[in-house]
Asks: 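Below you'll find the structure I mean.
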Amino acid sequence: MSVVLKFGGTSVATTDAIERACRIVCDAPGERVVVVSATAGTTSALIAAARTAAAGDPVGAESVMTRLASAHDELLRKAARGDEDSAAALNDLAQRAKALVRSVAILHECTPRSQDAIVAYGELASSVIVAAALRAHGLEAEAVPATRIVVTDDAFGNAAPAFEEAYARARSVLGPLLAGQRVPVVTGFIGATREGVTTTLGRGASDYTAAILAAALGASECLIYTDVSGVMSADPRMVEGARPLAQLSYSEAAEMSYFGAKVLHPRAVLPAVEAGIAVRILNTFAPLEPGTTITARAIPDGSVVKATTSLGGLALVTVQGAGMSGVPGFAARVFDTTAAEQVSVLMISQSSSENSICFVVPANTGDRLKAALERMLAKELAHHDVERVTVERPIAVVAAVGEGMRGTPGVAARIFGALGRAGVNVIAIAQGSSEFNISLCVTEAEQVTAVRAIHDEFQDAPTTRPTAPRATAAR
Ligand code: ASP
Ligand code: MG
């Protein structure tokens, strides 16, 4: 059985982090597949360099590229002194990326396709460095670009994998390496079209790569090493008593990631869910901590609300008027408009009187959407069937998540009681029929107070006890 170990940006960004990552890989039993992110900050720096070049500042762009290349060189020299082949490989990657940035500067244009080719440098460089470091630890490691494995469509910047093809390629590329006791170090985040053009799977998508490989290989576990000890019950910058959760179901994890808990890429959940593989979020810098295990189904542990997450920077759009009620297709027209404006809607609520529909969107899309809705509803507004379209902002959505909420009476009462005592005004509410997410809309000014109030109300829930033993004997 194989195990997939994915190391995020901060886990490969310093000599110390790489050393820790190497020890974790060395100590992991059985066949190991390593997946790496670009070093922390590199992807964003590469995107900035591409934009700078497109804006006609080749000197500025070049200096970013030079800085990144020397940071990578230094990491490699410290992690694997004297590995001249890797140094040459790293240099080739840097030269190629620089050439791409230069051509963007000449063209004054950076297409998503060019940008993907440029940002891929981050993960490619990491894989060379980490493979070299693992060899310095005595493992037969080998850098493997995911462009050879993860077949995708051509939606550059946010490409969708062709799963069956990617799975087949993962088995044919990685299988022989694993059989030969070798440790592949695969680039996260990137893929390629069938024609071989480099793509990326969306920001933060290295987890996705790890889950795809785990599913393809039928791995026993998919270990996601990051710089925190698992998924927290709330953002620790907001809530002092926030603590790592021992266990989450896939659905809970997905709910949470949509509402700002940045630990896991939402789509990363899917390939692993389907293959029934447990995903563990672990800390490279504290590998003995139990971390968070994400399983297909919730393990009942008596908890009700497991986590409280929130997302600010939003706007609440309300369409209001008595003439809307009982008119079939009205909501469809409203959401056709949001779709036509390419605005993603985070939360929807409609009262049963049907006198108003409100929904939450990113704050910076509010004005555009209001104008588009007013155009679409010009007739209804003129006839006063629709009174007004309003936009309130800045708004935050606070979500209480936990499968234990399903069928437990009184959860909403406790939430609202806690918010009432904290003096928080709830503007809108939504609960999915799955009953494990209650989302509330509050002003952004009250976001932190609301998160604290809900978290503290449910914090005695027994969610902190580890439920399963660690499979990896990390030091
Ligand atoms: N390096 C990519 C990013 O920063 C992917 C990842 O880190 O997961 O978005
Ligand atoms: Mg990352």
Side-chain angles (χ1 to χ4, degrees), residues 4-14 17-18 21 33-51 64-65 67-69 71-72 75 90 93-94 97 100 110 112 114-131 143-147 149-150 152 155-161 166 185-192 198-214 222-228 231 253-254 257-258 260-272 279-285 294:
V4 174
L5 302 101
K6 179 255 169 175
F7 294 93
T10 50
S11 299
V12 293
T14 64
I18 291 176
V33 174
V34 175
V35 175
V36 289
S37 286
T39 58
T42 295
T43 306
S44 300
L46 288 167
I47 293 171
R51 299 221 169 118
V64 175
M65 300 306 288
R67 176 174 65 75
L68 292 176
H72 284 134
L75 274 181
L90 204 52
L93 290 172
L100 286 166
C110 185
S114 315
Q115 185 172 304
D116 276 358
I118 291 167
V119 299
Y121 164 59
E123 268 71 13
L124 290 167
S126 277
S127 70
V128 168
I129 295 166
V130 172
V144 178
T147 46
I149 299 174
V150 182
T152 71
F156 295 100
N158 200 21
V185 181
V186 185
T187 54
F189 179 52
I190 68 176
T198 301
T199 56
T200 61
L201 309 178
R203 289 306 304 269
S206 292
D207 295 343
Y208 199 21
T209 310
I212 289 169
L213 299 184
C222 179
L223 308 177
I224 309 278
Y225 280 92
T226 178
D227 55 7
V228 290
V231 181
S257 46
Y258 284 114
K262 289 244 171 63
V263 176
L264 198 74
H265 191 279
R267 283 187 308 179
V269 165
L270 284 172
V279 175
R280 288 170 164 240
I281 316 289
L282 295 162
N283 191 346
T284 302
F285 304 92
I294 298 174

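Positions are given from 1 along the sequence. Whatever order the structure lists ligands and atoms in, that order sets their numbers, starting from 1. Quantities reported herein were computed from a predicted structural model and do not represent experimental measurements.
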Asks: Quick check on contacts: which atoms of ligand 1 are under 4.0 angstrom from a heavy atom of Ser206?
Replies: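 Within the 4.0 Å cut-off of Ser206, ligand 1 contributes 5 (C), 6 (C), 7 (O), 8 (O).
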Asks: Looking only at distances, can you tell me whether any N or O atom of Gly204, backbone or side chain, sits closer than 3.5 Å to an N or O atom of ligand 1?
Replies: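 Yes, since at least one N or O of Gly204 sits under 3.5 Å from an N or O of ligand 1.
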Asks: Please verify the inter-ring angle class for His72 with Tyr121; under 30° counts as parallel, over 60° as perpendicular, anything in between as tilted.
Replies: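 Answer is perpendicular, since the angle exceeds 60°.
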Asks: Side chains of Asp116 and Thr200 only: does a donor on one sit below 3.5 Å from an acceptor on the other?
Replies: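 Present: a donor and an acceptor within the cut-off.
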Asks: Would Thr39 and Thr42 count as a side-chain hydrogen bond (donor to acceptor under 3.5 Å, both in side chains) here? Give the steps.
Replies: CA-CA 6 Å; Thr39 58; Thr42 295; 2.6 Å; yes
Asks: Would you call Phe156 and Ser114 a side-chain contact if the rule is heavy atoms closer than 4.5 Å?
Replies: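 Phe156 does not reach Ser114 side chain to side chain.
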Asks: With a cut-off of 4.0 Å, which atoms of ligand 1 are near a heavy atom of Arg203?
Replies: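 Near Arg203, the atoms of ligand 1 are 3 (C), 4 (O), 9 (O).
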Asks: Go through ligand 1 atom by atom and flag the ones less than 4.0 Å from a non-hydrogen atom of Ser37.
Replies: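 Taking each heavy atom of Ser37 in turn, ligand 1 has 6 (C), 7 (O), 8 (O) under 4.0 Å.
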Asks: Taking the side chain as every heavy atom from C-beta outward, state whether Leu201 and Ile190 have any pair of such atoms under 4.5 Å apart.
Replies: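 Sidechains of Ile190 and Leu201: no contact.
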Asks: Quick one: which ligand 1 atoms are inside 4.0 Å of a heavy atom on Glu123?
Replies: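 In order of number, 1 (N), 2 (C), 5 (C).
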Asks: Could you check whether Ser127 and Thr187, counting side-chain N and O atoms only, form a donor-acceptor pair closer than 3.5 Å?
Replies: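 The answer is no; no qualifying pair exists.
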Asks: Does ligand 1 have any atom that is closer than 4.0 Å to a heavy atom of Gly122?
Replies: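 Heavy atoms of Gly122 never come under 4.0 Å of ligand 1.
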Asks: Using a 4.0 Å cut-off to any heavy atom of Thr43, which atoms of ligand 1 qualify?
Replies: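 The list of qualifying atoms is 1 (N), 2 (C), 3 (C), 4 (O).
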Asks: Heavy-atom contacts with Ala205 under 4.0 Å: which atoms of ligand 1 show up? List them by number with element.
Replies: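 Near Ala205, meaning under 4.0 Å from one of its heavy atoms, ligand 1 has 5 (C), 8 (O).
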